[in-house]
Amino acid sequence: MALEDAKTQVDTAFTRDGFKGLAFENTFGGAMSFLRRTYTKDLTGVDIAVTGIPFDQAVTNRPGTRLGPRAIREASCLQSPDQAYGWDFDVMSEFAIADYGDMPFDYAHIDQFPAALEAHITGILDQGAACLTLGGDHYITFPILRAHVKKHGPLSLLQFDAHTDTWADDDITRVDHGTMFYKAVKEGLIDPARSVQVGIRTHNADTMGVNIIDAREVHETGPAAVVDKIKSILGDRKTYLTFDIDALDPAFAPGTGTPVWGGLTSAQASIILRDLAGISIVGGDVVEVSPPFDTTGATAIAGAHVAMEILNLWATTRRG
C-alpha cells in the first residue's frame, strides 16, 4: 500500500483483511481505531491487543479521563502512515496488532469495577496476546497489574509520572488513583527495588522503596543518563510500563487531571522511551488524558505517541 491508496481506502478498522500492515486512509476520515488497526474480539493470531478503559471515578482533581481512549484513538490517526520515526523496523507490518475496543462496565457499580477490569485484561492475556491499554485514570493500572502478574509473576514497574501514587492506603476496596502502587507493593505485584518512577515532582514521605528519578534529575542530567540509570535498575526483569501523561509538563500536556509544573518535555520523553529499547516490556498503558481540559488536542497527541513508543519497546524484545 502507498499514499495514493487514500483515494480508495477507508474504514480499514473494519474492512482490513488481517492484522498487519500500514494504513493509508485520509487522516481526517474513516472509522477511528488505534492506528487504524482492525477491531476484533477474537485474538487468534494477534500478537498484541489495544484496549480502552474509559474510567475516571478515582481522580482527586479534574475529571474527564473517561474520554481519554476515544481521544487517543483519534489522535493516533494523525500520525504519519509510515513506520514510526526513530525505529529501524515497522512494528505494524511485523506484528499482528488489533484494537480490542473498550471495556464495558456498569458505571453505577464502582465496587464491581476492579474485578471486572482484571477479568477483562486476563481475557486478553489468556488468548495469547499482550496488552496495551489506553486510560482512563491511573487507578486502572492496579487491576491490570494483577492480571499480568497472574501470567508473568511479580514484575518491575517503570512509571512515568508527576506523582509516586504510593500514598498509604490499607483499605483494599478503595478506588483511588494516588494509592494503587502502595497496594501493588504490599500485594507483592511489583518489586520496588527493581522498579523506577521517572518525572516525580510532588512530595511523599514514604515511597515504598521504589527508585525515583525526579523531574529535576531528568533536566539536570539529560535523557541519556536517565536511560542508563533506568536500565541499571530494571536489568533483564520483566517490566510493566505505565505512563501518566502528567509526567509531561503542562505546557506539553495540559489536558490531565492533576497537572504539575516543572515536568518533562515531550522531546525528553520521546528520547528516553526510544533509547530504552531492549528492556523486557510485557505490557503497558498510557493514562490520565483528559480531553475537556485541552481544546488543542495536544495532550491526546502526546498520549498517542507514547502508546506507539510502548508498542515499539514491546516489539524490540520479541524481534531477537
Asker: If you apply the rule side chain to side chain donor-acceptor pair (under 3.5 Å), what do you find for D246 with T258, and how did you get there?
Answerer: CA-CA 7 Å; D246 71 22; T258 47; 3.1 Å; yes
Asker: Tell me, which pairs form a side chain to side chain donor-acceptor pair (under 3.5 Å) where one or both residues lie in residues 95-110, sequence neighbours left out?
Answerer: R73-D99, R73-D102
Asker: Charged N to carboxylate O below 4.0 Å: is that the case for R216 and E220?
Answerer: yes
Asker: Using a 4.5 Å cut-off on heavy atoms from C-beta on, say whether the side chain of D111 contacts that of T173.
Answerer: no
Asker: Is there a side-chain contact between F142 and L117 in this structure, where contact means two heavy atoms from C-beta onward sitting under 4.5 Å apart?
Answerer: no
Asker: Holding to side-chain contact (heavy atoms from CB on, under 4.5 Å), I want the full list of residues that pass it with P223, two or more places apart in sequence or in another chain.
Answerer: Q268, I271, I272
Asker: For the residue pair H163 and V260, establish whether any side-chain heavy-atom pair is separated by less than 4.5 Å.
Answerer: yes
Asker: How is the hydrophobic cluster of I301 composed, in terms of its other members, when Ile, Leu, Val, Met, Phe, Trp and Tyr link through side-chain heavy atoms under 4.5 Å apart, directly or indirectly?
Answerer: L78
Asker: How would you list, by chain and number, every residue that makes a side-chain contact (heavy atoms from CB on, under 4.5 Å) with D170, sequence neighbours excluded?
Answerer: Y182, K186
Asker: Between E25 and T12, do the side chains contain a donor N or O and an acceptor N or O under 3.5 Å apart?
Answerer: yes
Asker: How close do F252 and S266 get, counting heavy atoms only, and between which atoms?
Answerer: CD2-OG, 3.6 Å
Asker: Could you tell me whether R274 atom CZ has more than 12 heavy atoms of other residues or ligands within 6.0 Å of it?
Answerer: yes
Asker: Compare every heavy atom of A247 with every heavy atom of D161, then report the nearest pair and how far apart it is.
Answerer: N-CB, 3.3 Å
Asker: Are a donor atom and an acceptor atom from the side chains of D137 and T65 found within less than 3.5 Å of each other?
Answerer: no
Asker: Sequence neighbours left out, what passes side-chain contact (heavy atoms from CB on, under 4.5 Å) with D236? Give chain and number order.
Answerer: none
Asker: Hey, are the side chains of L35 and V50 touching, using non-hydrogen atoms and a 4.5 Å cut-off?
Answerer: no
Asker: For Y139 and F113, take the angle between the two ring planes, folded into 0 to 90°, and tell me which bin it lands in: parallel under 30, tilted 30 to 60, perpendicular over 60.
Answerer: tilted
Asker: Report the hydrophobic cluster partners of I200, with the cluster defined as I, L, V, M, F, W, Y residues connected by side-chain heavy atoms closer than 4.5 angstrom, directly or transitively.
Answerer: I212
Asker: State, yes or no, whether a side-chain contact exists between F95 and L311 at a heavy-atom distance under 4.5 Å.
Answerer: no
Asker: Regarding T242 and D285, is there a side-chain donor-to-acceptor distance under 3.5 Å anywhere?
Answerer: yes
Asker: Is it the case that over 12 heavy atoms from other parts of the model lie below 6.0 angstrom from the CD atom of E94?
Answerer: yes
Asker: Among L241, L155, T317, which one satisfies side chain to side chain contact (heavy atoms under 4.5 Å, CB included) with V282?
Answerer: L155
Asker: Tell me, do L145 and E187 make a side-chain contact under 4.5 Å, heavy atoms counted?
Answerer: no
Asker: Is any side-chain heavy atom of F55 closer than 4.5 Å to a side-chain heavy atom of I110?
Answerer: yes
Asker: Is the NZ or CZ atom of R319 both under 6.0 Å from the centre of the six-membered ring of F89 and within 45° of that ring's axis?
Answerer: yes
Asker: Check step by step if side chain to side chain donor-acceptor pair (under 3.5 Å) holds for H177 and D244.
Answerer: CA-CA 11 Å; H177 76 159; D244 186 327; 5.9 Å; no
Asker: Do V175 and P114 touch side chain to side chain, with heavy atoms closer than 4.5 Å?
Answerer: yes
Asker: State whether a side-chain donor-acceptor pair under 3.5 Å links D42 with T40.
Answerer: no
